[in-house]
There are 2 protein chains.
Amino acid sequence: MTLTDWFHDTKPQRPAEATDQDLLARAGVPMAFAKDEEIYGQGEPADRIYRVVSGVVRTSRFMPDGRRPIGAFYHAGEIFGVEQGDQHEMGAEALSNCVIQVLSRDAFAAAGREAELQKLVWEATLRDLEIAREHLALLVRKNARERVASFLLGLSEKARHELVDLAVGRQDMADYLGLTIETVSRMITQLQGAGIVEFPTYRQFRICNRHMLEGIAAG
Amino acid sequence: MTLTDWFHDTKPQRPAEATDQDLLARAGVPMAFAKDEEIYGQGEPADRIYRVVSGVVRTSRFMPDGRRPIGAFYHAGEIFGVEQGDQHEMGAEALSNCVIQVLSRDAFAAAGREAELQKLVWEATLRDLEIAREHLALLVRKNARERVASFLLGLSEKARHELVDLAVGRQDMADYLGLTIETVSRMITQLQGAGIVEFPTYRQFRICNRHMLEGIAAG
DNA sequence: CGTGGCTTTGAAACATTTCAATCATCGTGG
DNA sequence: CCACGATGATTGAAATGTTTCAAAGCCACG
């Protein structure tokens, strides 16, 4: 599928998995990253494509004032690190121990898969835009309780087990949601008290009443 | 410049004006829209490309709950209405009386300018992403005063006169900034009281102390 | 001139942050 | 293996910022 095809395609676009995984899976090199390890830094050359095999990755950008707007979280199966320019606008770090499959852009070229590469870039950009817009809507319209509920719900949709791994600490949640640690903590306590979610440990939870959680998240 | 060229271009990408304007200016049909008129609706086929000649346009999306996250504001010279799918994810409306140059996508095809069209789509998407990210940073990290200051500053950069047209009412500002009308109003009063900006009328302003305004906007 | 829509202002209610203290958890070394 | 210390999470109380509700003011338009 070339970009032109893509462009004229009438169906709603979904991050396609099949072909991406093909090449990445065949030619990509699996690499392990430890928790908190940097996968690539802001400003480094963006000459590789990454796919999460396991673990959770976060992209974020450091601002002049020292604070850190977060781009997105990436979970197993998701592709990241694909950027429009040739240097990374945001850095990426492993939030947990991760296995990441890595493929250089040159490998695409070598394989004569330019078109596929373009498609990856395009899809990654669209996905980023969609994520940014949803995030925007969350920040504009939702209060603390709703934000936390949305966040947990979002995580649970990506997760494969009933017991969901938070992967991030409270500070990261707070940054992402535009709240303080303390507020996040209070909201979690509240949701837990209402029997809607359950936190066996600080970093993993289970949804007890999905319907209610969705009600809260919707506002 | 094809998309492949673009992709390999090393320079930081800026919404290019030259070629876009060429085709749009030559083949585009100028149309007038009255204030508050809908240019296209959410869900309508996205088969045209628009460029603002004069006036201000806003894109926004209606959410299930009735509220309205705003995509962006577009001023003279900017291109909008270009979308990845073939229907508009957001509607567009004229915030003031506008002149908009319109060109159908088919016209690009007819002119054998597919590549240019692709480039337009690509650039528009990148710009949207950049706007969304900046907006995100604003909402996550800034308080009411800083948000309003940033907004005014942003408008003034797009404007061509010292006396800047707001184009939007307080309600629109508030929606965009994630605040209430009243808070926006108070912040404006405050900035005015401090002699940083001046509002000769409700809908236009002048920056008296740009340096200070920038200081506030930065946080 | 009114009238209607938008804006400003005020006061009280509310949500969130801040600051401070306590508590849990986990890894480490005794 | 347990105790300890460090890190991160929770809780509380007061302060702050923002919203809400209500009223008054301003401007544009007929």
Side-chain angles (χ1 to χ4, degrees), chain A residues 34-36 56 58 65 67-68 93 95-97 138-152 163 165-194 197-205 216-217 219, chain B residues 34-36 56 58 65 67-68 93 95-97 138-152 163 165-194 197-205 216-217 219:
Chain A
K35 177 164 143 55
D36 294 328
V56 184
R58 174 188 58 202
D65 67 1
R67 293 208 53 183
R68 166 190 70 181
E93 41 190 322
L95 290 178
S96 61
N97 293 325
L138 178 144
L139 292 171
V140 171
R141 307 166 33 234
K142 297 187 179 175
N143 65 23
R145 185 181 310 110
E146 295 161 358
R147 290 182 198 186
V148 171
S150 302
F151 183 82
L152 296 180
L163 192 61
D165 237 49
L166 262 189
V168 303
R170 298 289 186 268
Q171 184 61 61
D172 289 317
M173 260 180 94
D175 284 349
Y176 188 72
L177 298 176
L179 300 169
T180 59
I181 294 185
E182 293 95 329
T183 302
V184 169
S185 179
R186 282 184 241 271
M187 295 305 128
I188 286 178
T189 305
Q190 218 175 85
L191 289 172
Q192 218 172 172
V197 296
E198 189 187 10
F199 278 72
T201 82
Y202 286 153
R203 291 175 152 252
Q204 49 188 13
F205 70 98
I216 292 171
Chain B
K35 178 164 141 60
D36 294 329
V56 184
R58 174 188 58 202
D65 67 2
R67 294 208 52 184
R68 167 190 70 181
E93 42 190 321
L95 289 177
S96 61
N97 293 325
L138 179 143
L139 291 171
V140 170
R141 308 167 30 236
K142 297 186 179 174
N143 64 22
R145 183 180 312 109
E146 295 162 358
R147 290 182 198 186
V148 171
S150 302
F151 183 83
L152 297 180
L163 191 61
D165 236 48
L166 262 189
V168 304
R170 298 289 186 267
Q171 184 61 63
D172 289 317
M173 260 179 95
D175 284 350
Y176 188 72
L177 298 177
L179 300 168
T180 59
I181 294 185
E182 293 95 328
T183 302
V184 169
S185 179
R186 283 184 242 270
M187 295 305 128
I188 286 177
T189 304
Q190 220 174 83
L191 289 173
Q192 218 173 170
V197 297
E198 188 186 13
F199 277 72
T201 83
Y202 286 152
R203 294 174 88 99
Q204 49 188 12
F205 70 99
I216 292 171

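Order of the sequence lines fixes the chain letters, A, B, ..., with proteins taken first and strands second; residue numbering starts at 1 for each chain. No hydrogens, no waters, no symmetry mates; every other heavy atom, side chains included, goes into these values.
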Enquirer: Can you figure out which of C:dA24, C:dG10, C:dT18 approaches the side chain of A:Y202 most closely?
Expert: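 Looking only at heavy atoms from C-beta outward on A:Y202, the closest nucleotide is C:dA24.
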Enquirer: Whole-Å distance between D:dA9 C1' and A:D172 CG?
Expert: 14 Å
Enquirer: DNA chain C: A:V184 or A:T201, which has the more 5' nearest nucleotide?
Expert: A:V184
Enquirer: Verify, without hydrogens or angle tests, whether A:S96 (side chain) and A:V56 (backbone) share a donor-acceptor contact under 3.5 angstrom.
Expert: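 It does hold such a pair.
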Enquirer: Please confirm whether the shortest side-chain N or O distance from B:T189 to OP1 or OP2 of C:dT9 is below 4.0 Å.
Expert: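 Yes.
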Enquirer: Do A:I181 and A:M173 come within less than 4.5 Å of each other through their side chains, counting heavy atoms only?
Expert: no
Enquirer: Using whole Å, report how far CG of A:L191 lies from P of D:dT10.
Expert: 12 Å
Enquirer: Hey, is the side chain of A:T183 poking within less than 4.0 Å of OP1 or OP2 on C:dA15, counting only N and O atoms?
Expert: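 Checking C:dA15 against A:T183, no side-chain N or O comes under 4.0 Å of OP1 or OP2.
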Enquirer: Quick one: A:D175 CG to D:dA9 C1', roughly how many Å, whole number?
Expert: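 That distance rounds to 15 Å.
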Enquirer: To the side chain of B:R186, which of C:dA11, D:dT11, C:dT8 is closest?
Expert: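 Nearest to the side-chain atoms of B:R186, counting from C-beta on, is C:dA11.
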Enquirer: Roughly how many Å is it from NZ in B:K142 to P in C:dT17, rounded to a whole number?
Expert: 17 Å
Enquirer: Using whole Å, report how far CD1 of B:I188 lies from P of C:dC6.
Expert: 16 Å
Enquirer: Between the side-chain atoms of B:Q171 and the base atoms of C:dC6, is any donor-acceptor pair under 3.5 Å?
Expert: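 Between C:dC6 and B:Q171, which were checked side chain against base, a qualifying N/O pair under 3.5 Å is absent.
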Enquirer: Regarding A:R58 and A:D172, does a basic nitrogen lie under 4.0 Å from an acidic carboxylate oxygen?
Expert: yes
Enquirer: Return the nearest nucleotide to the side chain of A:S185; candidates are D:dA9, C:dT16, D:dG12.
Expert: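 Closest nucleotide among those given: D:dA9.
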Enquirer: Please state how far atom CD in B:E182 lies from atom P in C:dT9, giving the value in whole angstrom units.
Expert: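 Computing the B:E182:CD to C:dT9:P distance gives 12 Å.
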Enquirer: Which heavy atom of B:R145 sits nearest to which heavy atom of B:L191, and what is that distance?
Expert: CG-CD2, 4.4 Å
Enquirer: A:R203 CZ to D:dT7 C1': how many Å, rounded?
Expert: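 Checked: the CZ to C1' distance equals 11 Å.
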Enquirer: Could you state the CG-C1' distance from B:L177 to D:dT19, rounded to the nearest angstrom?
Expert: 15 Å
Enquirer: Any donor-acceptor pair under 3.5 Å linking the side chain of A:K142 with the backbone of A:A217?
Expert: yes
Enquirer: Return the 5'-most residue of the pair A:T180, A:P200 with respect to DNA chain C, ranking by each residue's nearest nucleotide.
Expert: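 It is A:T180 whose nearest nucleotide is closer to the 5' end.
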Enquirer: Between the base of D:dT11 and the side chain of A:R170, is there a donor and acceptor pair under 3.5 angstrom?
Expert: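 Result: no qualifying N/O pair found.
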